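Let me begin by presenting the structure, written as structure tokens, before commenting on it.
Only a predicted model underlies this, so the values are computations on that prediction, with no experimental measurement involved. Whatever order the structure lists them in is the order used to number ligands and atoms, beginning at 1.
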Amino acid sequence: MRKLILAAASIAALTFVGPASAQSPIVIKFSHVVASDTPKGKAADKFKELAEKYTDGKVKVEVYPNSTLYKDKEELEALQLGAVQMLAPSNSKFGPIGIKEFEVFDLPYILPDLKTLRKVTDGPLGARLLKLLDSKGMTGLAYWDNGFKQMTANKKLVAPTDYKGLKFRIQSSKVLEAQFRALGAIPQVMAFSEVYQALQTGVVDGQENTWSNIYTQKMHEVQKYATVTNHGYIGYVVIVNKKFWDGLPGDIRDQLSKAMKEATEYGNGQSAKENDDALAEIKKAGKTEVVTLTPEQDEAMRKAMMPVYKDVASRVGQPLIDEFLKETGRGPMN
Ligand code: LMR
């Protein structure tokens with residue numbers, strides 16, 4: 001795969017003709033792994049619309065949804081090599097490329113709601129985390145929401161003991177690995193595009209994701225139960241290849257920044273509704289039973305996942321977790 005990405009990168013380098021002229025728009029390839037009809041998919045399409053409008057066609061944005069260009073970890077490599085210019089990977093996917101500080105976003109129950117999340121991403125910590133991307137040849141432009149994760153399986157998941165021995169697909173994240181181990185389950189890293197088939201064929205027993213991802217990937221059709229846990233958050237960092245971004249004419253970069261700001265407001269303004277709508281559709285389809293937990297059952301899940309905090313602290317340091325918690329204005333078990 002690396003060879004293919006390298007070939008694509010050299011073609012991209014040859015066809016990048018520098019400052020835009022009437023004949024040759026600057027092309028931004030924006031690759032992502034989810035469906036167009038999701039919070040990320042819609043924000044990406046909005047960015048395309050606004051970027052092309054504000055630059056008066058001097059920039060052309062090509063959006064490639066649903067892993068049509070690259071799968072999870074390949075897309076980060078493709079961005080670093082310049083084969084694509086823009087991505088919006090989930091926070092979870094930055095740990096494996098060496099920016100482990102993003103692991104804090106994966107901590108179970110660290111965020112009670114999206115408003116609290118915004119305090120972190122719009123605050124000093126959010127800005128500092130984005131700056132860390134520079135060292136990897138990327139520029140962080142924005143934080144985009146998806147929403148909160150739910151658990152699905154062919155077994156009814158109520159108590160922590162229900163997870164014991166089951167195989168769960170996870171994104172490539174040490175935190176998520178620790179989370180499922182804390183539940184006695186077996187985590188298995190897998191690209192997002194492969195999850196449906198893995199669930200269908202029984203390669204894994206379950207998975208965690210947001211309602212919009214579950215619905216648009218049709219996971220609810222191959223899982224008997226979905227438990228409303230809201231135990232973790234999936235959000236994205238919009239990144240561009242730093243060399244590409246720094247090399248753009250200043251006026252174009254300003255117009256693109258404006259388009260990004262507005263696309264972010266648009267996307268983040270409706271992500272919660274999109275997940276609510278997806279849940280309603282899942283219920284309507286009637287193929288999976290949606291299970292809600294009592295406050296006591298919810299508390300037992302929180303307790304079972306607490307060891308994950310220690311695990312993450314051993315890698316990113318307790319001060320970073322404390323800073324995150326301070327900016328949210330609450331502790332993990334509140
Ligand atoms: C996943 O791999 O489950 C998610 O990160 C996919 C996505 O981009 O929402």
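Not a single donor-acceptor pair under 3.5 Å links the side chain of Tyr215 to the backbone N or O of Leu279. With Gln223 contributing its side chain and Ala153 its backbone, the two residues share a donor-acceptor pair below 3.5 Å.
For Asp134, the salt bridge (Lys or Arg N to Asp or Glu O under 4.0 Å) partners at least two apart in sequence or on another chain are Lys131. Listed by chain and number, the residues in a side-chain hydrogen bond (donor to acceptor under 3.5 Å, both in side chains) with Asp322 are Gln318 (sequence neighbours excluded). For Phe324, the ring-ring contact (aromatic ring centres under 6.0 Å, His included) test picks out Phe105, with sequence neighbours left out.
Summarising the local packing, CG of Asp251 is surrounded by more than 12 heavy atoms from other residues, nucleotides or ligands at distances under 6.0 Å.
Listed by chain and residue number, the protein contacts of ligand 1 are Val33, Val34, Lys40, Asp72, Ser90, Lys93, Arg169, Gln171, Phe192, Asn209, Asn213, Tyr236 (heavy atom within 4.0 angstrom).
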